[in-house]
Amino acid sequence: MAIIDKKDEIKEVELDVLEKEENAVIVKVDGWRMRVYFDKDFKGIINNKVTAKYTGDIKNVHTVVFKKLK
């Protein structure tokens, strides 16, 4: 049985969308603007929010790695 480090655990967070680009959205995390990429058929923006999966600590933006939105 493999031990999963807390920082490698996949978590979810709902984020406000600041801008939408051709293949990404810009969201605000801990005061920083970050880009979250999505598949070309992605239609998951609801009320200017997205639910994103990530690893790292959402309170430390430098550790956050977003998974591609599907």
Side-chain angles (χ1 to χ4, degrees):
M1 182 167 130
I3 297 174
I4 298 175
D5 192 342
K6 269 280 205 216
K7 69 179 184 206
D8 295 330
E9 182 181 333
I10 297 174
K11 300 166 268 288
E12 282 189 358
V13 65
E14 186 176 87
L15 300 167
D16 291 325
V17 175
L18 303 175
E19 295 176 42
K20 183 176 183 222
E21 298 178 335
E22 186 176 322
N23 64 344
V25 289
I26 305 296
V27 296
K28 194 171 204 175
V29 178
D30 195 29
W32 291 77
R33 292 168 55 94
M34 296 186 75
R35 184 173 279 115
V36 182
Y37 292 93
F38 55 79
D39 287 336
K40 69 177 184 172
D41 296 330
F42 177 70
K43 293 181 178 31
I45 300 173
I46 301 169
N47 295 328
N48 257 9
K49 295 186 180 283
V50 293
T51 300
K53 292 183 180 183
Y54 68 95
T55 58
D57 180 359
I58 201 75
K59 295 178 184 171
N60 181 354
V61 72
H62 302 291
T63 66
V64 174
V65 177
F66 286 108
K67 304 296 181 190
K68 196 174 208 179
L69 299 172
K70 297 181 184 234

Item to check | Side chain to side chain, I58 and D30, heavy atoms closer than 4.5 Å | outcome: no
Item to check | Under 3.5 Å: donor-acceptor pair, side chain of D57, backbone of K59 | outcome: yes
Checklist entry - Can you name the residues that form a side chain to side chain donor-acceptor pair (under 3.5 Å) with E12, not counting sequence neighbours? => result none
Item to check | Heavy-atom closest contact (K11 atom, E9 atom, distance) | outcome: NZ-O, 3.1 Å
Checklist outcome for this item: Shortest non-hydrogen pair, L18 vs R33, comes out as CD1-NH1, 3.8 Å
Next on the checklist: If I compare all heavy atoms of I45 with all of K20, which pair ends up nearest, and what's the gap?
Outcome noted: CD1-CD, 3.8 Å
Checklist entry - What pairs meet the ring-ring contact (aromatic ring centres under 6.0 Å, His included) rule with one or both residues in residues 50-70, with sequence neighbours excluded? => result W32-H62
Item to check | A52 to L15 - nearest heavy-atom pair and separation | outcome: CB-CD1, 4.3 Å
Checklist outcome for this item: Of V36, D16, V17, the one forming a side-chain contact (heavy atoms from CB on, under 4.5 Å) with V50 is V17
Item to check | Interatomic distance, R35 atom CZ to N23 atom CG [nearest 0.5 angstrom] | outcome: 8.0 Å
Checklist entry - With sequence neighbours excluded, what pairs up with N48 under the side chain to side chain donor-acceptor pair (under 3.5 Å) test? => result none
Next on the checklist: If hydrophobic clusters are built from ILVMFWY residues whose side chains come within less than 4.5 Å, do M34 and V13 share one?
Outcome noted: yes
Checklist entry - How far does CZ of F38 sit from CD of E21, to the nearest 0.5 angstrom? => result 8.5 Å
Checklist entry - If you take all heavy atoms of L69 and T51, which pair is closest and at what distance? => result CD2-O, 3.6 Å
